[in-house]
Visitor: 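Next up is a structure, given as structure tokens.
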Number of protein chains: 2
Amino acid sequence: MEVRTLADLARVAGVSAGTVSRALAGKSLVNAETRERIQALARQYGFRPNQMASKLRSRRTGVIGVVIPLGHEKRQQISDPFFLTLLGHLADQLTEAGYDLMLSRAIPDGTTDWLERITGSGMVDGVLLIGQSDQSDVIDQVVSHYRPLVAWGNHREGQKHVVVGTDNELGGRLAAEHLIACGARRLAFFGDTAGIEIAMRLRGARAAAEAAGLHIKHVPIKLADAEMGPQLEAALADAEADFDGIVTASDLIAMSALHVLHESGRRIPGDVQIVGFDDLPLARLTSPPLTTVRQEIGQGAKVMVEKIRALIEGETRHSKVMPPTLIARDTTRS
Amino acid sequence: MEVRTLADLARVAGVSAGTVSRALAGKSLVNAETRERIQALARQYGFRPNQMASKLRSRRTGVIGVVIPLGHEKRQQISDPFFLTLLGHLADQLTEAGYDLMLSRAIPDGTTDWLERITGSGMVDGVLLIGQSDQSDVIDQVVSHYRPLVAWGNHREGQKHVVVGTDNELGGRLAAEHLIACGARRLAFFGDTAGIEIAMRLRGARAAAEAAGLHIKHVPIKLADAEMGPQLEAALADAEADFDGIVTASDLIAMSALHVLHESGRRIPGDVQIVGFDDLPLARLTSPPLTTVRQEIGQGAKVMVEKIRALIEGETRHSKVMPPTLIARDTTRS
DNA sequence: ATGAAAGCGCTAACAT
DNA sequence: ATGTTAGCGCTTTCAT
């Protein structure tokens with residue numbers, strides 16, 4: 001006899017479907033003995049309750065949607081290791097909290113559709129956004145009627161949705177100040193500022209430069225990894241581009257830049273100093289080890305999950321901006 | 001008036017729920033005009049059919065489960081960038097194929113339970129395993145009654161489940177042969193062989209060494225990234241460990257080893273030559289750029305998705321073993 | 001081309 | 001402590 005449904009198992013056990021449901025859910029109002037018996041039977045027949053039915057009925061899915069907005073950069077592939085690292089940490093935290101994780105790439109289209117397709121599907125209890133791209137307004141619009149949503153990224157004053165992230169402006173400032181303190185004078189910032197996070201880092205770096213009476217040149221590098229090398233080569237080959245200090249928008253860019261600079265025979269940090277952003281585990285493995293601005297990724301993931309759980313429970317939560325720290329390694333002097 | 005269900009929208013549109021269902025599904029047997037009207041209405045009210053209900057009724061979920069078995073290494077965090085890279089590619093391919101992706105970490109427990117919890121839940125149409133760890137037998141057992149499952153990893157003769165992966169033994173051999181051809185004589189293999197993939201790489205490397213009348217020392221490095229440095233330092237500080245050629249189980253280990261060797265003042269490839277495994281995008285960015293054995297990750301993801309789709313359709317598929325290629329960069333001579 | 005009716009497999013409120 | 005009943009919101013015959 002095939003046991004595929006609660007009713008089947010109920011028949012085998014000689015009880016009602018309701019009792020089986022309660023027994024399998026480990027509810028207290030069932031006789032301990034019958035509960036054991038039913039659970040044993042379930043194991044024996046390899047029976048597991050159909051989740052779709054359960055979720056439909058109980059109106060909670062136990063699933064959190066994790067969305068990566070591919071935003072401004074039309075890249076197919078999820079490339080930046082930062083996002084993948086954050087994803088890894090989120091997976092850990094969500095698993096620990098008993099949630100399943102449904103991953104979606106999304107390509108923003110100017111409307112709220114890319115997001116509402118997920119929030120409105122009844123498939124998830126809440127949504128975590130890995131990065132806001134340039135969609136802060138769209139997200140604000142969506143949270144006006146869909147509360148359980150938390151984004152990683154930059155916090156902007158007056159923003160409606162809950163954000164967890166780093167103080168990017170401060171991070172940019174720390175990077176530039178460190179470079180200046182280490183003697184750099186001809187500064188550059190490498191990174192595409194279409195995403196708000198990067199734009200704020202540039203702003204911070206620029207502020208630091210101006211405070212020191214210096215100029216910082218913005219070189220927008222698109223993140224399509226294969227083509228990143230050529231872009232950097234072009235930027236660095238430029239005759240006027242005789243930088244001696246580079247702030248980068250990410251460790252990934254910093255690593256690429258390091259590579260290109262090495263190839264062109266420049267010494268680091270002797271000729272050029274460079275500061276990354278993120279402090280990925282890999283940052284300490286470059287040679288020389290990368291000076292970088294650390295974002296607390298693991299901690300951030302933890303906070304995001306705590307907040308989404310609270311929001312799902314109907315509580316209120318606010319954004320959290322975490323201070324970055326400058327990790328001085330060996331791509332800068334001193 | 002709130003429109004939350006098909007029935008609501010049906011009332012607004014003055015038709016029956018059945019018609020709305022057909023219209024929204026774009027079925028042909030509904031008058032083109034009413035279809036448009038209903039779709040417009042749905043947009044206007046921001047209505048989206050509840051997926052749980054839809055899936056329950058139609059008995060297909062449109063979701064593929066992607067499982068990372070944390071296997072032999074009890075690590076909490078999904079650490080190796082190789083897995084995250086593969087995951088990124090799978091996300092792309094699945095999205096393209098119209099599937100959602102449900103991500104689960106799983107900690108094998110000696111039974112089939114960790115896997116059947118997912119296959120048996122009715123939540124996914126099929127399962128993709130990112131790595132087999134040491135669970136090949138367990139997986140075989142599960143596919144005896146659950147067909148739509150494809151794993152990334154090493155293929156073993158007589159194995160029941162469909163696997164896509166690299167010829168690891170050949171990869172290991174290529175690495176060692178290259179090292180020997182470049183003049184290395186005191187060989188080591190860095191990596192933990194609890195996972196079958198790594199064990200096969202070691203076997204290949206060993207075969208190449210023996211064919212050349214050489215010995216290769218196996219140094220099992222656990223992948224807990226923070227502690228990887230100390231392990232490597234210990235291994236390399238060992239007085240007898242005067243290696244001049246190292247085959248590593250992954251680019252990640254290679255990068256760490258590179259770092260430690262640099263720190264201890266050894267020249268690469270002058271004093272020690274080293275070969276990675278994977279050819280992650282990052283491999284070309286190390287200094288010197290890493291010689292490594294390339295696995296076709298993007299291609300592999302594509303194949304995995306093709307196979308899982310076919311299996312879901314009830315077709316038959318077999319394993320695919322892809323040949324690795326040695327990418328000679330600058331951590332080896334010549 | 002559309003409507004009516006019957007579930008998909010489960011949970012929870014209400015009885016007992 | 002257990003059984004009975006009534007849906008969750010949708011899709012899909014079966015009629016018309």
Side-chain angles (χ1 to χ4, degrees), chain A residues 1-39 41-42 45-63 100 116-125, chain B residues 1-39 41-42 45-63 100 117 119-125:
Chain A
M1 162 156 195
E2 254 246 271
V3 174
R4 297 189 335 90
T5 71
L6 270 190
D8 291 345
L9 191 59
R11 210 167 310 122
V12 171
V15 295
S16 77
T19 303
V20 174
S21 173
R22 289 182 278 245
L24 260 31
K27 290 264 170 75
S28 50
L29 8 47
V30 258
N31 185 309
E33 186 193 319
T34 39
R35 180 173 54 223
E36 309 266 296
R37 193 164 58 81
I38 290 172
Q39 287 177 346
L41 244 26
Y45 285 92
F47 169 76
R48 296 177 196 265
N50 180 304
Q51 298 293 343
M52 289 304 158
S54 161
K55 288 167 178 182
L56 172 58
R57 176 60 231 236
S58 61
R59 303 167 138 290
R60 81 176 287 289
T61 68
V63 178
D100 285 310
E116 291 191 315
R117 155 173 314 133
I118 294 154
T119 58
S121 71
M123 265 186 342
V124 298
D125 291 342
Chain B
M1 163 156 196
E2 254 247 271
V3 175
R4 296 189 332 93
T5 72
L6 269 191
D8 291 345
L9 190 59
R11 209 169 309 121
V12 172
V15 295
S16 77
T19 302
V20 174
S21 173
R22 289 184 275 247
L24 260 32
K27 289 264 170 73
S28 50
L29 11 45
V30 61
N31 186 308
E33 187 194 317
T34 39
R35 182 174 50 225
E36 309 266 297
R37 194 163 58 79
I38 290 172
Q39 287 177 345
L41 244 27
Y45 285 93
F47 169 75
R48 299 179 193 263
N50 180 305
Q51 297 293 340
M52 289 304 157
S54 161
K55 288 167 179 180
L56 171 58
R57 175 62 226 236
S58 60
R59 302 167 137 293
R60 79 176 286 289
T61 68
V63 178
D100 285 310
R117 156 174 314 135
T119 60
S121 72
M123 266 186 341
V124 298
D125 290 342

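The figures that follow rest on heavy atoms only: side chains count, while hydrogens, waters and symmetry mates do not. In what follows, chains carry the letters A, B, and so on, assigned in the order in which the sequence lines appear, proteins first and then strands, with residues in each chain numbered from 1.
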Visitor: Using a 3.5 Å distance criterion without hydrogens, assess whether the side chain of Gln39(B) forms a donor-acceptor pair with backbone atoms of Ala23(B).
Guide: yes

Visitor: I need the CZ-P distance between Arg37(A) and dA1(D), as an integer number of Å.
Guide: 15 Å

Visitor: Rounded to the nearest 0.5 Å, what separates atom CG in Asn50(B) from atom OG1 in Thr5(B)?
Guide: 10.0 Å

Visitor: Just how far, in rounded Å, is C1' of dG9(C) from CG of Leu9(A)?
Guide: 13 Å

Visitor: Quick one: on DNA chain C, does Ser21(A) or Ala17(B) contact a more 5' nucleotide (nearest heavy atom)?
Guide: Ala17(B)

Visitor: Can you tell if the side chain of Phe47(B) reaches within under 4.5 Å of the side chain of Leu41(B), non-hydrogen atoms only?
Guide: no

Visitor: Tell me the interatomic distance from Lys55(A), atom NZ, to dG9(C), atom P, rounded to whole angstroms.
Guide: 16 Å

Visitor: Could you report the tightest heavy-atom contact between Ile38(A) and Thr19(A), atom names first, then the distance?
Guide: CD1-CG2, 4.1 Å

Visitor: Measure CZ/Arg48(B) against C1'/dG9(D) and give the value in whole Å, please.
Guide: 17 Å

Visitor: Taking only heavy atoms on the protein side, list every residue of residues 56-63 of chain B lying under 4.0 Å from any atom of DNA chain C, sorted numerically.
Guide: Leu56(B), Arg57(B), Arg59(B)

Visitor: Please state how far atom CG in Asn31(A) lies from atom C1' in dG3(D), giving the value in whole angstrom units.
Guide: 15 Å

Visitor: Hey, which of these two, Leu29(B) or Thr5(A), hits DNA chain C nearer its 5' end, going by closest nucleotide?
Guide: Leu29(B)

Visitor: Mind checking salt bridge (Lys or Arg N to Asp or Glu O under 4.0 Å) for Arg117(B) and listing every partner two or more places apart, or none if nothing turns up?
Guide: Asp113(B)

Visitor: Check whether any side-chain nitrogen or oxygen of Thr34(B) sits under 4.0 Å from OP1 or OP2 of dA1(C), and answer yes or no.
Guide: no

Visitor: Considering only dC10(D), dG9(C), dT12(D), which nucleotide approaches the side chain of Ala53(A) most closely?
Guide: dG9(C)

Visitor: Out of dT13(D), dC10(D), dC10(C), which nucleotide sits closest to the side chain of Arg22(B)?
Guide: dT13(D)

Visitor: Quick check for you: among dG3(C), dG3(D), dC10(D), whose closest atom lies nearest to any side-chain atom of Thr19(A)?
Guide: dG3(D)

Visitor: Do Ser121(B) and Arg48(A) come close enough that some side-chain heavy atom pair is under 4.5 Å?
Guide: no

Visitor: Is any side-chain heavy atom of Met123(A) closer than 4.5 Å to one of Lys55(B)?
Guide: yes

Visitor: In whole angstroms, how far is the P atom of dC8(D) from the CG atom of Leu6(B)?
Guide: 13 Å

Visitor: Would you kindly give the CD1-to-C1' distance between Ile38(A) and dG3(D), to the nearest whole Å?
Guide: 12 Å

Visitor: Need one value for Arg4(A): base, sugar-phosphate or nothing, where a base atom within 4.0 Å counts as base even if backbone is also close, heavy atoms only.
Guide: sugar-phosphate

Visitor: How many Å lie between NZ on Lys27(B) and C1' on dC10(D), as a whole number?
Guide: 11 Å

